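Everything below concerns the one structure shown next.
Quick note: numbers below take in every heavy atom, side chains included, and nothing from hydrogens, waters or symmetry partners. Treat the numbers as computed from the prediction; the structure is a model and nothing was measured.
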Amino acid sequence: ADRVDLLRAALRGMNPEGRAWAAWALRKRSKTSGVALDASDRAAIETLRATKSEYEACSGCERERLGLDEALRRVDE
């Protein structure tokens, strides 16, 4: 559906995991489409990266809390 407006809303929303997934989806869309990230989206993602927030992640039966960069790296694996 390419609802980038919804991803942008989630990137700036209240849910930490929602922000992380939105950052991942916007970055992936940029890489696959060749369209550069909007400057405000890039700034929002950089702000998330600069915070010390942790995100719930799981791998099989194991759960852990990860910083944004590590969480995004693992999703891309």
Taken in chain and number order and not counting sequence neighbours, the residues that satisfy side-chain hydrogen bond (donor to acceptor under 3.5 Å, both in side chains) with Glu56 are Arg63, Arg65

By side-chain hydrogen bond (donor to acceptor under 3.5 Å, both in side chains), Asp5 pairs with (sequence neighbours left out) Arg3

Leu37 and Arg29: CA distance, side-chain angles, deciding distance, side-chain contact (heavy atoms from CB on, under 4.5 Å) verdict: CA-CA 9 Å; Leu37 278 172; Arg29 179 182 178 273; over 6 Å; no

**Message:** Same cluster or not: Leu48 versus Leu6, using hydrophobic residues (I, L, V, M, F, W, Y) connected whenever any side-chain heavy atoms lie under 4.5 Å apart?
**Reply:** no

Nearest 0.5 angstrom please: Leu72 CG to Lys28 NZ, how far?
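Reported to 0.5 Å precision, the distance equals 12.0 Å.
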
Note: Leu68 and Ile45 closest approach over all heavy atoms is CD2-O, 4.3 Å

Which donor-acceptor pairs under 3.5 Å do side chains of residues 19-26 form with protein atoms, sequence neighbours excluded?
| from | atom 1 | to | atom 2 | distance (Å) |
| --- | --- | --- | --- | --- |
| Arg19 | NH1 | Gly13 | O | 2.8 |
| Arg19 | NH1 | Met14 | O | 3.2 |
| Trp24 | NE1 | Asp76 | OD1 | 2.8 |

Are [X] and [Y] side-chain neighbours, meaning at least one heavy-atom pair lies under 4.5 Å?
X     : Y     : result
Arg74 : Glu64 : yes
Ser40 : Arg12 : yes
Val35 : Ser30 : no
Leu7  : Asp41 : no

Assess whether side-chain contact (heavy atoms from CB on, under 4.5 Å) is satisfied between Glu54 and Leu66, documenting all intermediate values. CA-CA 5 Å; Glu54 292 184 332; Leu66 303 171; over 6 Å; no

**Prompt:** Is it true that atom CD of Glu46 has more than 12 heavy atoms of other residues, nucleotides or ligands lying nearer than 6.0 Å?
**Reply:** yes

